Structures are given as C-alpha cells and as structure tokens.
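Reading through the structure tokens given below for one structure.
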Amino acid sequence: MNVEKLIAAFRIASGDVAEPNFWSDEQVMDWLSEAQNEACVRGRLLHEDARPEVCRITLVAGQFSYALHKSLYEITHLRLQPIAGGPSRPIVLKSREWLDAEMPDWRESTRPACMAIQRDTSLRLVGAFASDDVLHLEGYRLPLKALASEADKPEIHEAHHEHLVEWALHKAFSVPDAETIDPARAKAAEQEFTRYFGPMPDADLRRSTRQDIEHRNVPFIL
C-alpha cells in the first residue's frame with residue numbers, strides 16, 4: 001500500500017471523510033512515517049547486511065570512536081577485515097562496565113582489536129588496528145527515509161502496512177482538540193498497534209542487546 005491508500009484507510013477508520021478534514025494529509029503522513037519507525041524497533045523488522053553506507057566503516061589508526069549510520073540501532077554482527085589481508089576476525093560487543101572489571105587496561109590496549117562498545121549513536125573499538133582496515137557491521141535499522149509523498153510506500157513488508165494506520169489513529173485521537181480528542185479510542189488504537197508489533201523496548205532492554213552482561217569471566221584468545 002502506498003501513502004495515498006494508507007491515508008484513505010485512516011480517513012475511513014477515523015470517520016474523517018468529510019472535507020474540510022479534521023486532520024491534514026501532512027499530519028497523517030507524519031504519523032504514518034512515525035508508525036513505521038515504531039514498528040521497526042518494536043518488531044525488529046529491517047535487518048541490514050549489505051548497504052556499504054550502513055555496514056562498512058574504514059578505520060583510521062589511533063581513532064577508536066566511529067559514528068554509526070543514523071538508521072542503525074542494534075548491531076547483530078561485527079568483524080574486522082585487515083588491509084594487510086588474511087581472514088577477518090570477529091569483534092565482540094562488551095559493556096564499559098565489563099571491560100573496566102575484566103580488562104582494566106582496555107583503553108591503552110595494544111592487542112589486536114577484538115572487542116567494541118556500542119553506544120547509542122557510535123561505536124568504540126578496543127585494541128589496535130591499522131589505517132584502512134575495514135569494519136563490517138550487520139544489524140537492525142530504521143527506514144532509510146521518511147514517508148514524504150502520497151506515492152511513497154513503507155519500506156517494511158506490505159503485510160504490515162495496514163497496521164500502521166492504528167498508530168496514526170492513536171496520534172490523531174490524542175491531539176488536544178475539543179472536537180476530536182478521544183482518549184478511549186486513542187488507547188484502543190495504541191493497544192492494537194502494540195498487539196501486532198509488540199511493545200516498545202525501554203532503554204535498559206535495548207542496552208542489554210548491545211553488550212555482554214554476563215557476570216562471569218569470559219576467556220578469549222588473541
């Protein structure tokens with residue numbers, strides 16, 4: 001379904017079919033775009049392992065922190081490909097707390113990089129590497145662009161498209177307007193959206209997917 005059809009579905013579901021409409025097409029389009037972002041995080045719908053702009057970082061010796069692509073929110077796989085050749089080696093995500101406890105000298109480590117810390121929008125490598133070594137990433141991401149025209153289609157699978165309308169209904173009936181605000185309908189629409197895509201993980205849960213949180217010694221071989 002494209003945005004035009006999704007807006008039409010919203011008009012029918014909300015009863016906002018007579019002109020002038022209570023909610024503009026631009027408002028509904030923004031809500032549908034927000035809905036797709038919500039759905040991607042809740043349902044982990046878009047996994048990226050190919051696009052170079054998302055999945056490839058060329059390293060610079062001595063620079064340990066690198067910005068992640070703005071769409072990438074959860075890394076599922078990391079490996080470092082040495083410019084000198086040879087096999088790539090895995091990079092394991094660890095928390096700063098784990099490193100402080102198990103490897104207190106990690107900030108000054110000269111051992112070959114085999115660990116990293118994922119922060120909200122960046123990655124911090126631990127250990128040594130050469131300029132032009134390449135870091136390959138895979139992970140879950142948001143859509144690469146917002147819905148901006150009636151001809152646009154959501155990037156997620158078409159089977160999910162109609163359920164984006166529930167989020168738009170939730171947002172519409174939550175607008176503080178005496179004529180349209182309806183907390184009961186807003187809540188019901190949000191619950192249906194959550195039933196289909198799942199709850200939004202909180203910051204602690206998302207953080208736990210980015211690091212090793214096991215409280216034990218984990219041996220590794222360099």
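Values reported hereafter were calculated over all heavy atoms of this structure, with side chains retained and with hydrogens, waters and symmetry mates removed. If you're wondering where the values come from, they're calculated on a predicted model, not measured in any experiment. One is the number of the first residue; the rest follow in order along the sequence.
Using a 4.5 Å heavy-atom threshold, the side chains of Asp132 and Leu59 count as separate. Residues Val175 and Phe22 form no side-chain contact, since every pair of their non-hydrogen atoms from C-beta on lies 4.5 Å or further apart. Contact check for Cys40 versus Pro143: side-chain heavy atoms found under the 4.5 Å cut-off. The shortest side-chain heavy-atom distance between Ile57 and Val134 does not fall under the 4.5 Å cut-off. Using a 4.5 Å heavy-atom cutoff, the side chains of Val28 and Val3 are not in contact. Between Lys94 and Val92 there is a side-chain heavy-atom pair separated by less than 4.5 Å. You'll find the side chain of Leu164 reaches within 4.5 Å of the side chain of Phe197, heavy atoms only. Side-chain contact check for Leu125 versus Ile91: some heavy-atom pair is nearer than 4.5 Å.
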Carefully, step by step, assess Lys5 and Glu162 under the rule salt bridge (Lys or Arg N to Asp or Glu O under 4.0 Å).
-> CA-CA 9 Å; Lys5 291 181 178 179; Glu162 63 181 302; over 6 Å; no

Passes side-chain hydrogen bond (donor to acceptor under 3.5 Å, both in side chains), Trp167 versus Glu190? Steps please.
-> CA-CA 6 Å; Trp167 186 259; Glu190 182 183 24; over 6 Å; no

Pair Trp106-Arg111, side chain to side chain contact (heavy atoms under 4.5 Å, CB included): steps then yes or no | CA-CA 9 Å; Trp106 66 269; Arg111 288 173 284 188; over 6 Å; no

Show your reasoning for whether side chain to side chain contact (heavy atoms under 4.5 Å, CB included) applies to Asp25 and Glu4.
-> CA-CA 9 Å; Asp25 285 354; Glu4 182 180 17; over 6 Å; no

Does the pair Val41 and Met200 meet the rule for a side chain to side chain contact (heavy atoms under 4.5 Å, CB included), with working shown?
-> CA-CA 7 Å; Val41 177; Met200 174 63 86; 3.5 Å; yes

Might you work through the side chain to side chain contact (heavy atoms under 4.5 Å, CB included) test for Asp16 and Thr180, ending with a clear yes or no?
-> CA-CA 10 Å; Asp16 187 25; Thr180 60; over 6 Å; no

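When atom types are taken as modelled, the side chain of Tyr66 and the backbone of Val60 share a donor-acceptor pair closer than 3.5 angstrom. Put simply, the side chain of Glu97 never gets that close to the backbone of Leu99: no donor and acceptor are under 3.5 Å apart. Between the side chain of Gln27 and the main chain of Ser24, a donor-acceptor pair closer than 3.5 Å is present. Between the side chain of Ser131 and the backbone N or O of Ala61 there is at least one donor-acceptor pair closer than 3.5 Å. Panel note: side chain Gln36, backbone Ile156; a donor-acceptor pair is recorded below 3.5 Å. A side-chain donor-acceptor contact under 3.5 Å links His170 to the backbone of Ala186. Ser88 places no side-chain N or O within 3.5 Å of a backbone atom of Leu80 that could act as its donor or acceptor partner. A donor-acceptor distance shorter than 3.5 angstrom exists from the side chain of Glu158 to the backbone of Met1, with no hydrogens or angles considered. Of the possible polar contacts, none joining the Arg11 side chain to the Val17 backbone as a donor-acceptor pair under 3.5 Å is found. Looking at Glu48, its side chain does come within 3.5 Å of a backbone N or O of Arg51 through a donor-acceptor pair.
Taken to the nearest 0.5 Å, the NE2 atom of His157 stands 11.0 Å off from the CG atom of Leu45. In this structure, Ser95 OG and Gln118 CD are separated by 12.5 Å, a value rounded to the nearest 0.5 Å. Taking CZ from Arg42 and OH from Tyr196, the interatomic distance works out to 13.5 Å, rounded to the nearest 0.5 Å. Note: Lys171 NZ to Trp23 CH2 = 13.5 Å, rounded to the nearest 0.5 Å. In this structure, Arg119 CZ and Thr121 OG1 are separated by 8.0 Å, a value rounded to the nearest 0.5 Å. Taking CD1 of Ile83 as the start and OG1 of Thr58 as the end, the distance is 8.5 Å to the nearest 0.5 Å.
Between Leu72 and Ile75, the shortest heavy-atom distance links the atoms CD2-CG1, 4.1 Å. Contact detail for Ala13 and Leu169: the closest heavy-atom pair is CB-CD1, 3.9 Å. When all heavy atoms are compared, the tightest approach of His161 to Leu6 is O-CD2, 3.4 Å. Between Gly86 and Pro82, the shortest heavy-atom distance links the atoms O-CD, 4.5 Å. Considering all non-hydrogen atoms of both residues, Phe129 and Ala113 come closest at CD2-CB, 4.1 Å.
For Arg124 and Phe64, the positive end sits near the middle of the six-membered ring, less than 6.0 Å away and at most 45° from its axis.
Put simply, Phe10 and Met29 are part of the same group of oily side chains (I, L, V, M, F, W, Y) that touch within less than 4.5 Å, one to the next. Cluster annotation: Leu142 and Leu32 are assigned to distinct hydrophobic clusters (Ile/Leu/Val/Met/Phe/Trp/Tyr, side-chain heavy-atom contacts under 4.5 Å, transitive). Placement of Leu46 and Tyr140 in two distinct hydrophobic clusters is found when ILVMFWY residues are connected by side-chain heavy-atom separations under 4.5 Å, directly or transitively.
Side-chain atoms of Ser14 and Arg185 include no donor-acceptor pair closer than 3.5 Å. A donor-acceptor pair shorter than 3.5 Å can be found between the side chains of His47 and Thr76.
Taking the charged nitrogens against the carboxylate oxygens, Asp100 and Arg107 do have a contact shorter than 4.0 Å, which makes a salt bridge. Looking at Arg89 and Asp133, no side-chain N of the basic residue comes within less than 4.0 Å of a carboxylate O on the acidic one, giving no salt bridge. We find that Asp182 and Lys187 are not joined by a salt bridge, their nearest charged nitrogen and carboxylate oxygen being 4.0 Å or further apart. Of the charged side-chain nitrogens involved, at least one lies within less than 4.0 Å of a carboxylate oxygen, so that Lys145 and Asp152 count as a salt-bridged pair.
Heavy atoms from other residues, nucleotides or ligands lying under 6.0 Å from CZ of Arg79 number more than 12.
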